[in-house]
There are 2 protein chains.
Amino acid sequence: MGASLKDVAALAGVSVKTVSNVVNGYTYVAPHTREKVEQALAELEYRPNLSARNLRRGRTGVIALALPELDAPYFAELSRFVIDAAVERGWTVLIDQTDGLADREREVLQGIREQLIDGLIFSPITVGREELAARTDSTPMVLLGERIMDGPTHHVAIDNQRAAREMTEHLISLGHTRIGAIGAQENPSANTAHLRLAGYRQALEAAGLPYDERLAPPTASYHRADGAAVMRRLLELDEPPQAVFCFNDLLALGALRTALTSGLRVPDDLALAGFDDIEDGRYSTPTLTTISPDKAHIARTAVELLDARISGSGRGGRPAEDDGQREVEADYRLIVRESTVRP
Amino acid sequence: MGASLKDVAALAGVSVKTVSNVVNGYTYVAPHTREKVEQALAELEYRPNLSARNLRRGRTGVIALALPELDAPYFAELSRFVIDAAVERGWTVLIDQTDGLADREREVLQGIREQLIDGLIFSPITVGREELAARTDSTPMVLLGERIMDGPTHHVAIDNQRAAREMTEHLISLGHTRIGAIGAQENPSANTAHLRLAGYRQALEAAGLPYDERLAPPTASYHRADGAAVMRRLLELDEPPQAVFCFNDLLALGALRTALTSGLRVPDDLALAGFDDIEDGRYSTPTLTTISPDKAHIARTAVELLDARISGSGRGGRPAEDDGQREVEADYRLIVRESTVRP
DNA sequence: TTGAAAGCGCTAACAA
DNA sequence: TTGTTAGCGCTTTCAA
């Protein structure tokens with residue numbers, strides 16, 4: 001182990017408290033003393049032991065970011081922003097990968113790393129409202145990307161349903177009447193998927209178009225392979241769709257690959273739209289029409305909400321009323337690119 | 001704060017030590033006692049305070065993964081494997097994003113989070129051999145993706161130079177004689193770039209082809225935008241290349257976009273190859289010929305090496321000879337896809 | 001098989 | 001302005 005405060009104090013010929021004062025930047029240290037201490041600090045290459053400090057302070061300065069998969073571009077991009085925002089506030093971020101598995105998500109909720117983290121930013125996939133409500137762990141938490149009304153916790157998300165409706169309306173406005181959807185989920189607690197499907201159906205209904213279940217088959221997950229596979233099925237239909245709204249960009253990229261290799265021209269023979277605005281879709285050919293959630297905003301807001309909760313939960317922190325459950329709606333934009341409209 | 005060992009001991013009517021024994025799964029606890037304790041544990045919802053445990057044990061169970069950007073697909077994919085491997089060994093992983101900035105990389109080397117982490121897996125971009133050698137922080141470290149010979153630390157990487165040579169040979173074998181490269185770096189410590197460039201040149205030389213600097217212009221970084229921009233410049237040359245080897249897949253995807261929008265057919269008019277085998281390149285049209293490093297192997301090996309170092313550095317750990325500097329060469333494969341050879 | 005008590009390194013209340 | 005000291009929750013000798 002490295003040098004401790006005691007070692008430094010001994011070398012500098014002062015008390016532990018004085019060293020601590022210098023280390024923590026307190027005022028009221030005589031210049032001469034300060035200098036002596038700093039010399040000793042440097043000589044011994046002193047590094048505070050964070051475990052000890054945390055134990056004493058009751059805080060660790062670490063928050064967890066729990067998400068399904070780090071290698072899904074949407075989450076990778078989001079993580080970058082969350083980490084940036086957290087670091088700006090002096091926090092360290094550790095990652096919990098749940099793979100979207102119900103068990104792991106439940107573990108996260110019950111606090112596997114309680115006492116090691118001051119707070120948690122959680123992007124769930126499978127756990128539903130009941131499980132969130134049943135949470136006993138008291139670690140401050142902020143939910144991401146879900147929109148469970150009356151949920152017991154803070155959360156930040158875009159209006160998925162409205163965004164999905166807008167995208168579908170965009171496809172309708174191009175004159176398409178047979179519009180498919182890729183990304184429906186069979187798991188009833190897959191909230192995001194349900195909201196996007198609801199928005200899709202809403203738009204169809206408003207336009208007087210029928211909802212055809214065969215045009216919106218469920219997918220196993222949200223990867224490129226799923227999009228490619230389901231697209232193949234859609235193309236085998238007697239009446240294939242003229243346009244397809246994919247519930248995320250990965251699905252859309254997979255579907256695009258299938259469409260192109262099937263000899264279809266996009267958007268001429270088939271219009272394709274995605275959701276998430278990951279970078280891939282800005283460089284694919286054709287580029288991808290998509291919904292672009294303001295990821296930086298989402299990340300920043302989540303970190304701020306968590307900060308407020310953590311500060312509020314300490315003794316002598318902010319008033320309790322500030323700690324009420326709060327929902328923040330993040331911005332998004334519909335971005336039209338080449339996959340739906342030839343430039 | 002939650003319940004402490006003391007609280008549990010009081011409730012169960014036993015000593016702290018006994019509770020500790022139960023919690024840590026020691027043998028030699030009378031069944032009856034154990035039961036009592038477990039009941040108290042459950043009733044109070046006891047959770048060990050990790051800060052205290054770490055302070056006492058001198059270990060935190062946390063390792064840091066320091067990398068340039070979490071949102072670059074190669075690093076996102078690698079992170080997923082590193083985290084998987086680490087969690088398997090009971091470790092928690094925290095992320096340090098350096099953005100490839102020299103200052104931040106230096107901070108990582110000097111141990112910003114020393115005492116919070118037991119070890120460090122570091123994927124550097126700009127720091128060179130001298131800086132690695134000058135490191136004073138004693139936290140066990142494993143380097144990733146660099147191949148600095150005689151470096152002072154363990155590291156695991158593929159043979160970048162050989163892989164680059166093989167890829168260039170592949171392009172030559174297709175009959176191309178005017179072969180460009182995208183991804184050279186002006187920063188002299190950008191090791192990976194230099195190794196790939198060296199492999200490229202080696203192959204040219206072996207085939208008796210001239211090395212033309214104009215065909216291998218430097219890029220600012222390794223993103224899609226860089227590949228797209230440099231490709232435009234290459235196409236403006238009097239004699240544009242017939243094939244281009246990009247030093248990573250992102251560059252290749254950017255270059256592909258430029259080529260396609262310029263009306264070129266790939267691979268007929270221009271063959272394109274990448275490096276890294278990120279998932280995007282498996283679904284682009286055309287799919288991307290690339291070098292596929294065994295990421296899972298790299299991640300697992302890095303975690304194992306780190307584990308050995310950490311275990312070895314403790315008092316009474318393994319012998320020091322086991323802790324010597326070690327280089328591990330990971331496997332890779334050349335994967336030929338549509339961007340160089342029409343199927 | 002269980003208990004008492006020391007001490008990991010740090011912070012902070014209290015004293016001087 | 002600086003020093004003394006208790007104690008955060010845990011593990012771990014040493015005794016019983």
Side-chain angles (χ1 to χ4, degrees), chain A residues 1-38 40-41 44-62 111 113-118 314-316, chain B residues 1-38 40-41 44-62 111 113-118 138-139 314-316:
Chain A
M1 259 196 203
S4 72
L5 278 189
K6 211 166 125 189
D7 301 330
V8 178
L11 180 61
V14 297
S15 81
V16 186
K17 172 69 164 112
T18 303
V19 182
S20 173
N21 282 342
V22 172
V23 169
N24 291 293
Y26 289 142
T27 37
Y28 307 133
V29 179
H32 175 64
T33 317
R34 179 181 297 275
E35 198 174 331
K36 264 195 316 189
V37 172
E38 274 169 352
L41 244 23
L44 295 174
E45 293 187 338
Y46 172 79
R47 305 277 182 146
N49 180 315
L50 296 188
S51 291
R53 178 177 282 176
N54 295 341
L55 174 58
R56 187 59 234 224
R57 287 191 179 160
R59 291 273 181 86
T60 63
V62 177
R113 307 200 201 293
E114 196 189 7
Q115 313 260 25
L116 177 61
I117 57 173
D118 292 339
R315 6 172 182 195
Chain B
M1 260 195 203
S4 73
L5 277 188
K6 211 167 123 188
D7 301 330
V8 178
L11 180 61
V14 298
S15 81
V16 180
K17 172 66 163 109
T18 304
V19 181
S20 174
N21 282 342
V22 173
V23 169
N24 292 294
Y26 287 142
T27 36
Y28 306 133
V29 179
H32 175 64
T33 316
R34 179 182 296 277
E35 197 174 332
K36 264 195 318 188
V37 172
E38 274 170 350
L41 244 23
L44 295 174
E45 294 187 338
Y46 172 78
R47 306 278 184 144
N49 180 317
L50 296 187
S51 292
R53 177 176 285 175
N54 296 340
L55 173 58
R56 186 59 235 225
R57 288 190 179 162
R59 292 271 183 88
T60 64
V62 177
R113 306 200 202 294
E114 195 189 9
Q115 313 259 21
L116 177 60
I117 56 173
D118 292 339
S138 61
T139 308
R315 2 168 187 199

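Numbered from 1 within each chain, the chains take letters A, B, ... in sequence-line order.
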Worksheet item: Between D:dT12 and B:Y26, is there an OP1 or OP2 to side-chain N/O distance shorter than 4.0 Å?
Response: yes
Item to complete: Tell me whether the OP1 or OP2 atom of C:dC10 has a side-chain N or O from A:S20 closer than 4.0 Å.
Response: no
Discussion item. Once side chain to side chain contact (heavy atoms under 4.5 Å, CB included) is applied, do any residues pair with A:S4, and if so which ones, sequence neighbours excluded?
Written reply: A:K6, A:D7
Discussion item. Distance check needed: C:dC8 P versus B:N49 CG, whole Å only.
Written reply: 18 Å
Discussion item. Using a 4.0 Å cut-off on heavy atoms, which residues in residues 10-19 of chain A reach DNA chain C? List them by number, or say none.
Written reply: A:V16, A:K17
Practice prompt. Provide, to the nearest angstrom, the distance between the NE2 atom belonging to B:H32 and the C1' atom belonging to C:dT2.
Written response: 13 Å
Worksheet entry | A:T60: side chain to side chain donor-acceptor pair (under 3.5 Å) partners, not counting sequence neighbours | A:D118
Discussion item. Can you measure B:K6 atom NZ to C:dA5 atom P for me and round it to whole angstrom units?
Written reply: 13 Å
Discussion item. Let's see if you can work this out: which of C:dT1, C:dT11, D:dT2 has an atom nearest to the side-chain heavy atoms of A:L5?
Written reply: C:dT11
Fill in: Identified side chain to side chain contact (heavy atoms under 4.5 Å, CB included) partner of A:R34 from the options A:E38, A:K36, A:H32
A:E38
Worksheet item: Can you list every pair that meets salt bridge (Lys or Arg N to Asp or Glu O under 4.0 Å) and has a residue in residues 46-55 of chain B, with sequence neighbours left out?
Response: A:E114-B:R47
Item to complete: Indicate whether OP1 or OP2 belonging to C:dG9 is found under 4.0 Å from a side-chain N or O atom of A:R53.
Response: no
Discussion item. What's the angle between the local helix axes at either end of the helix from C:dT1-D:dA16 to C:dA16-D:dT1, using five pairs per end and rounding to 10 degrees?
Written reply: 40°
Worksheet item: Is there a side-chain polar atom (N or O) of A:Y46 under 4.0 Å from OP1 or OP2 of C:dG9?
Response: no
Discussion item. With a 3.5 Å distance limit and no angle check, can you tell me whether B:N49 reaches the backbone of B:S51 through a side-chain donor-acceptor pair?
Written reply: yes
Fill in: Nucleotide nearest A:A30 when distance is taken to its side chain, options D:dT2, D:dC8, C:dT11
D:dT2
Discussion item. Name the residue from B:V22, B:V16, B:V23 that meets the side chain to side chain contact (heavy atoms under 4.5 Å, CB included) definition with B:V19.
Written reply: B:V23
Worksheet item: Quick one: is D:dC8 close enough that its OP1 or OP2 comes under 4.0 Å of any side-chain N or O from B:S4?
Response: no
Discussion item. If you only use heavy atoms from C-beta on, which nucleotide in C:dG9, C:dT2, D:dC10 is closest to the side chain of A:A52?
Written reply: C:dG9
Worksheet entry | Phosphate OP1/OP2 of D:dT2 contacted by A:N21 side-chain N/O (<4.0 Å) | no
Discussion item. Output the rounded distance in Å from CZ (B:R59) to C1' (C:dC8).
Written reply: 15 Å
Worksheet item: Mind checking what makes side chain to side chain donor-acceptor pair (under 3.5 Å) contact with B:S138, not counting sequence neighbours?
Response: none
Item to complete: Look at the side chain of A:N24 and decide which nucleotide, out of D:dT11, C:dT2, C:dT11, has an atom nearest to it.
Response: C:dT11
